[in-house]
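The structure displayed is predicted, hence computed values, not measured ones.
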Amino acid sequence: MKAAMKHFKKLISILTAMVFILSVFLTPLPTRAVSGTTASAGSGHIQNAAAADSGEDIKLYAGAAVLMDAGSGRILYQKNSDKILPMASTTKIMTCILALEYGNLADYAQTSSYASSMPKVKLYAKPGEFFQLKDLLHSLMLESHNDTAVIIAEHIAGSTESFANLMNQKARDLGCFDTYFITPNGLDATVSAADGSAKSHSTTAADLARIMSYCIMDSPQKDAFLEITRTASYSFNSYKEENGSFVPSGRSFHCSNHNAFLTMMDGALSGKTGFTGNAGYCYVGALRQDERTFVVALLACGWPNNKSYKWSDTKALMRYGLDQFEYHLIDEVSYDPALLKPIPVSGGQTDQLDGHAFVPVELRRNPSSGQDAIDSQTGLLLKKGETIQVDLQMEQELSAPVYAGTEVGRIRYLVDDTPYRVEYIMTAKDIPAIDYPWCIRQVLQRFSIY
């Protein structure tokens, strides 16, 4: 009888403990809170040049202009940067980069009757004539041949219409939502949209600078793009097909680079000119000195006889960038690492009955990546007196279950409220929710010591 009473009292103790545990851990959860903190590097603060017309007194001929930090995409100076305008043969930087990314330089492309009908400036390719894609890209970028652009487009996508679809998709991928491509060569064109409105071949100075920045900084074919656009002169042949092989046709061609900016300033890197009656003179070019890479985009920069305006505008903007902006690593900015402490998890399983669940966190540059390390440094061009601010937002409490790889916060690095790098705070392990089996196991473990 005494033994039975002893077991009965122990059972009552176990049940009482289970009721207590369930009442504590399975009650409604409190509302989660978010914390924020800021830190900065440098001193002072100035207006972001992209927010409005820049206050600096730079005399420009161009109707629209942008000076961009190619590494970050930050606009350092602008004039009518979002005004939609035709862009003439600066279009061909997109044609070139798509051909490099989708094509094979050793391929042979055949000239169609439509391609040969393009107006000058042209290669005067004959219908049925073949060219290697590598040769065509030099013709495209050095001499700006309009028939060459069509040969390339038809070779890559089957038609100029299909190629324009590739161009527009790429523009959207790069965040260029004010750009619309119709032709691969930049000739003025207008089409009717599905809603009945007219769409013109056009872009903005900001979008054009973004596209050029991609071509020289981020494209997997950036080295090939730079090699082609920096070539001073180039000679090649056309081909004909005989017995399943391509043999020289007897016609040879020579191209000279018309990007005069390449010899105007130290560090001149790449560029493309353009002109049509609607667009006027246009230009997009890049310059690199040390860690600083600048891109200038100019639209509506004069009409005949003002061909040199684009060069004076480009040099003025590049000099401004070189004189006023210095490179700063974002990693120079610090914040209290203690802020990235483990987050308490309400209702989460622990190893001990009276313990509290916490989930550790880690930083990732890409939230969908399995890599938990910030493995590359990035920087910004800052003007004297500008600062980088750090904004850290992180959950202060989570509710179980919690799964590894869940985003629970972000660290943003900003200049004038515009983020230029984001790091994602992710959970580093799973925390299951407390359930009845867990409670039973914990209670049994607790009373097994008696």
Quiz item: So does Y114 have more than 12 non-hydrogen atoms from other groups sitting under 6.0 Å from OH?
Solution: no
Practice problem: Using the salt bridge (Lys or Arg N to Asp or Glu O under 4.0 Å) rule, take E407 and R410 through it: C-alpha gap first, then chi angles, then the decisive distance, then the call. | Solution: CA-CA 8 Å; E407 182 184 331; R410 297 182 181 185; 2.6 Å; yes
Quiz prompt | Name of the residue among W303, Y309, F275, Y61 meeting ring-ring contact (aromatic ring centres under 6.0 Å, His included) with Y281 | solution = F275
Self-check item: Which residues share a side chain to side chain contact (heavy atoms under 4.5 Å, CB included) with K341, sequence neighbours left out
Solution: none
Quiz item: So with a 6.0 Å cut-off around CG of D195, is the heavy-atom count from everything else above 12?
Solution: yes
Practice problem: Not counting sequence neighbours, which residues clear ring-ring contact (aromatic ring centres under 6.0 Å, His included) with F181? List them please. | Solution: H201
Quiz item: Is it true that atom CG of D173 has more than 12 heavy atoms of other residues, nucleotides or ligands lying nearer than 6.0 Å?
Solution: yes
Self-check item: Y239: ring-ring contact (aromatic ring centres under 6.0 Å, His included) partners, not counting sequence neighbours
Solution: Y108
Self-check item: Qualifying residue, where the test is side-chain contact (heavy atoms from CB on, under 4.5 Å) with S238 and the options are K126, Q132, E129
Solution: E129
Quiz item: Does atom CD of Q169 have more than 12 heavy-atom neighbours from other groups under 6.0 Å away?
Solution: yes
Exercise. Could you tell me which residues satisfy ring-ring contact (aromatic ring centres under 6.0 Å, His included) with F325, sequence neighbours excluded, listed by chain and number?
Key: Y320
Return all side-chain donor-acceptor pairs below 3.5 angstrom for residues 158-165, not counting sequence neighbours, or 'none' if the list is empty.
from	atom 1	to	atom 2	distance (Å)
S159	OG	S162	N	3.1
S159	OG	S162	OG	3.1

Quiz item: With a 4.5 Å limit on heavy-atom distance, are the side chains of L382 and V415 in contact?
Solution: yes
Quiz item: So with a 6.0 Å cut-off around CD of E326, is the heavy-atom count from everything else above 12?
Solution: no
Quiz item: Less than 4.5 Å apart, any side-chain heavy atom of T90 and any of T273?
Solution: no
Exercise. Determine whether the aromatic ring centres of W311 and Y283 lie less than 6.0 Å apart.
Key: yes
Practice problem: Go through the structure and list residues passing side chain to side chain contact (heavy atoms under 4.5 Å, CB included) with P119, not counting sequence neighbours. | Solution: L187
Exercise. Go through the steps for H258 and E143 under the test side-chain hydrogen bond (donor to acceptor under 3.5 Å, both in side chains), then give the verdict.
Key: CA-CA 6 Å; H258 291 269; E143 292 282 359; 2.8 Å; yes
Quiz item: Is the F253-F131 ring centre distance short of 6.0 angstrom?
Solution: yes
